[in-house]
There are 2 protein chains.
Amino acid sequence: MPIERRTKVTLKDLAHLCGVSLGTIDRAINDKPGVSKKTREMILRIAEEHGYRPNVIAQSLQSGKTFEIGLIVHDLNNRFFSLLVDSIQQTAWEHHYYIQLAVSLRDTTREKEIIEHMLQRNVDGILLFPTNVGETFYEYLVNLGIPVTLMANRVKGPPGSRPLPFIGLDNTTVVKQAVEQIIAQGYEVVNFVAPYFNTTNSHNYYEIDKRYQAFLSVVEVHTVEHHIFSCQQYRSEIARLSFDKRTAFFCVSDIFALELLSLFTEMGLAIPDDVGVMGFDNIDVLKYVRPSLSTINYPVSELGKQGFELLHSTISGERVNPKQMLEAQIIWRDSI
Amino acid sequence: MPIERRTKVTLKDLAHLCGVSLGTIDRAINDKPGVSKKTREMILRIAEEHGYRPNVIAQSLQSGKTFEIGLIVHDLNNRFFSLLVDSIQQTAWEHHYYIQLAVSLRDTTREKEIIEHMLQRNVDGILLFPTNVGETFYEYLVNLGIPVTLMANRVKGPPGSRPLPFIGLDNTTVVKQAVEQIIAQGYEVVNFVAPYFNTTNSHNYYEIDKRYQAFLSVVEVHTVEHHIFSCQQYRSEIARLSFDKRTAFFCVSDIFALELLSLFTEMGLAIPDDVGVMGFDNIDVLKYVRPSLSTINYPVSELGKQGFELLHSTISGERVNPKQMLEAQIIWRDSI
DNA sequence: GTGAAAGCGCTAACAG
DNA sequence: CTGTTAGCGCTTTCAC
């Protein structure tokens, strides 16, 4: 570590110090041909002595590239997102990219504000777990001037338009399979629990909707009794049910499933005999919870890794497959 | 939203478009005095129409400020850190600052690499949950040329040197209090569980060491039998104990306490009669765990908020109190 | 091999 | 009120 740091030394300073011109300094520092071995060594030595650090800001202004990408997720309270950010940050580091992180809090206005800010900061691309929906938003993203890659939730354009690069989970297959098997276990009622899932079309519920459609298609084929719990007070609503029939709850996220698990334990219901609970995500804390929660594993690290790599390819101008799909696995444990 | 985005429009472009000079455009856009109302309105309208966005990179090069701060934490797997990052990101957003996030993975070399990278990217300051220790590192941080604020772990300089701004927890008080009360409950053996806590001095264990010293001071006064478990195989080591005396385990983090809880349940020990467990941090998943874990609440949001604000004050050149302390609270539940 | 100069987009200082 | 110019630190082009 060089000692003197207080004053930043620039290429120009080095030029003075070495008694050569700016151009020569540049060639030496950046390993370009056209400098004698002697001068190059001298320059590198003096640069080292003075603790020279290139100014990335100036490089960016010149090159138009920042090697930063904007990352926008809903929040960091949900374990799912922190693991996602972790994975993206790791992958980005390996590619010598930096992350600018912001959280949208599922607020459509805030999401747009964040995008505007990131644009001004000249990020090379944006990795987005979207909250907004609709064709206007699609047009907006397409015309940003920098690549955008979507994770988990899609944003669709008008029919026939080129889709935005997207990486997500194949929800349909796994949900159908899970619901089939739940029904096969003899549950008389199968419910779908998706708080915050509203139908006003103001927010992006692409992924949850996929799951709901898959759920519906199965329960309707089997003509099984089913209900949806989509309001925030799902816990108290469910607490008021009679439970005279054997009932299963398919939850779109482990955090809701855990709430139900503790509710049913309090109510003295037998799990999984009176009532069954299935989660989604397979968050890591499940290992401490009893009865152990059956769930669907979301390959969140893969989502982050491949999401970054997809964006990275687009930034590098490669032609990419605009739609990548990840597979989930059902994990049967004791709760259903 | 302006429609045309593909080509970035600059102040110079606007100057041409409006038929005025660069200087006038600048004054109009940045709300400076010295433009007639008429021209200003015209300029703002045209800027809006063409979707002008200031180039923050160019502004940074000019001003030397980026309004970005570097944030370095150990990892994001630990719930503690994701909540911390969340809180910092929120606070930064309110102050119109952006976060550059990187994780050190508790690797001393990587931590220094990250700092070097952030320096090159001209962050205005660094918020650091440090991994390195020692006076050399202290000197390094002091001479970075930008403000650094430390969270939780201190980095001490030579005697008499000006301490780096720091925000942390008052570990001593709360740990002493907790251990006192554990002993008062009649435990015959009180153990300290701190995996990864080694004494080679290569890593920064400032905070854990504080806790250990506080622990020691109390058990020694009461001459209670005590042991420390500091290796990574703490779980199997503890599994081999005989448990013929009533034993308490004071863990430096909830995640270790949860491991012990499930171990003791497997072993058929009665909690808290045969064996007691105390955690640290009060991570939010505890609400789903039975028996409920007694723990110490770490005000992590406060740590993030005040950490950012401390750094922000330093960046703004305010004189600040270099040492801020947060208070923890003991939360007694069923495990001890 | 090396030096000089222009320019990335913006701000600030100085003229008019 | 408005225009011109220099310069932030770097890269690139073109002379020598």
Side-chain angles (χ1 to χ4, degrees), chain A residues 5 7-44 46-47 50-68 117-124 145-146, chain B residues 5 7-44 46-47 50-68 117-124 145-146:
Chain A
R5 285 276 153 95
T7 39
K8 285 185 185 157
V9 21
T10 70
L11 284 193
K12 205 173 159 190
D13 297 336
L14 285 183
H16 287 145
L17 287 163
C18 301
V20 295
S21 77
L22 245 176
T24 308
I25 299 284
D26 176 52
R27 285 183 277 267
I29 296 278
N30 294 316
D31 245 351
K32 292 175 189 165
V35 209
S36 73
K37 207 179 159 205
K38 211 170 178 172
T39 357
R40 164 166 286 145
E41 278 168 2
M42 184 261 287
I43 292 173
L44 290 179
I46 297 193
H50 289 263
Y52 170 73
R53 287 194 195 83
N55 181 333
V56 180
I57 295 289
Q59 289 175 329
S60 294
L61 183 61
Q62 171 69 25
S63 67
K65 304 240 324 154
T66 55
F67 291 94
E68 297 189 12
H117 278 261
M118 288 182 165
L119 238 35
Q120 292 180 196
R121 277 159 193 278
N122 286 25
V123 293
D124 292 344
I146 56 169
Chain B
R5 284 276 153 95
T7 39
K8 285 186 185 157
V9 21
T10 69
L11 284 192
K12 204 171 160 191
D13 298 336
L14 286 183
H16 286 143
L17 288 163
C18 301
V20 295
S21 76
L22 245 176
T24 308
I25 299 284
D26 176 51
R27 286 184 277 268
I29 296 278
N30 294 316
D31 245 352
K32 293 174 188 164
V35 209
S36 72
K37 207 180 160 204
K38 211 171 182 173
T39 0
R40 163 165 285 144
E41 277 167 3
M42 184 260 287
I43 293 172
L44 290 179
I46 297 192
H50 289 263
Y52 170 72
R53 289 195 193 82
N55 182 333
V56 179
I57 297 290
Q59 288 176 330
S60 293
L61 184 61
Q62 168 70 26
S63 67
K65 303 238 329 154
T66 55
F67 292 96
E68 296 188 13
H117 279 260
M118 287 181 165
L119 238 36
Q120 295 186 4
R121 276 155 195 280
N122 287 26
V123 294
D124 292 344
I146 56 169

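Residue numbering restarts at 1 for every chain, and letters A, B, ... go by the order of the sequence lines.
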Engineer: Please name the residue in the list B:I57, B:N55, B:V56 that meets the side chain to side chain contact (heavy atoms under 4.5 Å, CB included) test with A:Q120.
Structural biologist: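 It is B:V56, the one option of B:I57, B:N55, B:V56 that forms the side chain to side chain contact (heavy atoms under 4.5 Å, CB included) with A:Q120.
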Engineer: In whole angstrom, give the distance that lies between atom CD of B:Q62 and atom P of C:dC8.
Structural biologist: 16 Å
Engineer: Specify the separation, in whole Å, of atom CG of A:L11 and atom C1' of D:dC8.
Structural biologist: 13 Å
Engineer: Nearest whole Å is fine: how far is D:dT2 C1' from B:M42 CE?
Structural biologist: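 So the two atoms are 12 Å apart, to the nearest Å.
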Engineer: Which value, rounded to the nearest 0.5 Å, describes the distance between A:T24 atom OG1 and A:L14 atom CG?
Structural biologist: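 That separation rounds to 12.0 Å.
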Engineer: Both B:R40 and A:L61 contact DNA chain D. Taking the nearest nucleotide for each, which residue is further toward the 5' end?
Structural biologist: B:R40
Engineer: Is the shortest side-chain N/O distance from A:T24 to OP1 or OP2 of C:dG3 below 4.0 Å?
Structural biologist: yes
Engineer: Is there a donor and acceptor pair closer than 3.5 Å between the side chain of A:R53 and the base of D:dG9?
Structural biologist: no
Engineer: Can you check the B:I57 CD1 to C:dT11 C1' distance for me, whole Å?
Structural biologist: 16 Å
Engineer: Ignoring backbone atoms, establish whether B:S36 has a side-chain N or O less than 4.0 Å from OP1 or OP2 of D:dT2.
Structural biologist: yes
Engineer: In whole angstroms, how far is the P atom of D:dT12 from the CG atom of A:D26?
Structural biologist: 7 Å
Engineer: Counting side-chain heavy atoms from C-beta on, which of D:dT2, C:dG3, D:dT11 comes nearest to B:T39?
Structural biologist: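 Selected nucleotide (nearest to the side chain): D:dT2.
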